[in-house]
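These values consider heavy atoms only, across backbone and side chains, with no hydrogens, waters or symmetry-generated copies. This chain uses plain numbering: 1 for the first residue, then up along the sequence.
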Amino acid sequence: MSQEEDFVLLESSDGYTFVLSRKIAEASGTLKSMLDEEANFEEAKNKTCKIQQRGVILLKVIEYLAYKVQYSEFNAEDIKEDFSDRIDPYIALELLTAADFLEA
């Protein structure tokens, strides 16, 4: 199985587990470093990253990473959908903190 077809698990602090493709996970600089097999981190061996964020926040970060991968080959002016429309104002600050940590 190639690395692009590989899947990883992300676990939130409140017990939710998300399965996503390695390609989407590696759109985050932090997750890419954690999953780098040459770095010899435990996360790379287990293909599981424990993230100290609530599940609702982690889900929105994953949604953004998928959006980022989906539109990576497009010019900015060709993208008609604005991801910020999907963000609930009640979680915006917490989401910003998580995105900063994950380098998303």
Practice task
Would you please name every residue forming a side chain to side chain donor-acceptor pair (under 3.5 Å) with D36, sequence neighbours left out?
Solution key: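 Applying side chain to side chain donor-acceptor pair (under 3.5 Å) to D36 gives none.
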Handout entry: Qualifying residues under side chain to side chain donor-acceptor pair (under 3.5 Å), relative to K47, sequence neighbours excluded
Key =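 Partners of K47 under the side chain to side chain donor-acceptor pair (under 3.5 Å) test: D6.
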Partners of [X] by side chain to side chain contact (heavy atoms under 4.5 Å, CB included), sequence neighbours excluded?
{"X": "D88", "value": "Y90, I91"}
{"X": "T17", "value": "L9, E11"}
{"X": "T30", "value": "S28, M34, F101, L102, E103"}

Handout entry: Of all pairs that satisfy ring-ring contact (aromatic ring centres under 6.0 Å, His included), the ones with a partner from residues 31-65, not counting sequence neighbours
Key =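 Of all non-adjacent pairs touching residues 31-65, those that pass ring-ring contact (aromatic ring centres under 6.0 Å, His included) are Y64-F83.
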Exercise for the section: Check the surroundings of atom CZ in F18: do more than 12 heavy atoms from other residues, nucleotides or ligands lie under 6.0 Å from it? Expected result: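 Yes, because the 6.0 Å sphere around CZ of F18 holds more than 12 heavy atoms from other groups.
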Just distance, no hydrogens or angles: give the donor-acceptor pairs under 3.5 Å from side chains in residues 49-59, sequence neighbours left out.
unit_1	atom_1	unit_2	atom_2	d
R54	NE	E94	OE1	3.4
R54	NE	E94	OE2	2.9
R54	NH2	E94	OE1	2.9

Return the minimal non-hydrogen interatomic distance between [X] and [Y], and the atom names on each side.
{"X": "A39", "Y": "S33", "answer": "CB-O, 4.2 Å"}
{"X": "N40", "Y": "K45", "answer": "OD1-CE, 3.4 Å"}
{"X": "I24", "Y": "I62", "answer": "CG2-O, 4.3 Å"}
{"X": "A25", "Y": "L20", "answer": "N-CD1, 3.7 Å"}

Exercise for the section: Using a 4.5 Å cut-off on heavy atoms from C-beta on, say whether the side chain of L31 contacts that of L10. Expected result: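 Of all side-chain heavy-atom pairs linking L31 with L10, at least one is under 4.5 Å.
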Practice task
Please tell me if the side chains of T48 and E42 come closer than 4.5 Å, counting only heavy atoms from C-beta onward.
Solution key: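 They are not in side-chain contact.
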Handout entry: Pairs involving residues 55-68, ordered by first then second residue, that meet salt bridge (charged side-chain N to carboxylate O under 4.0 Å, His left out) (sequence neighbours left out)
Key =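 The answer is K60-E63, E63-R86.
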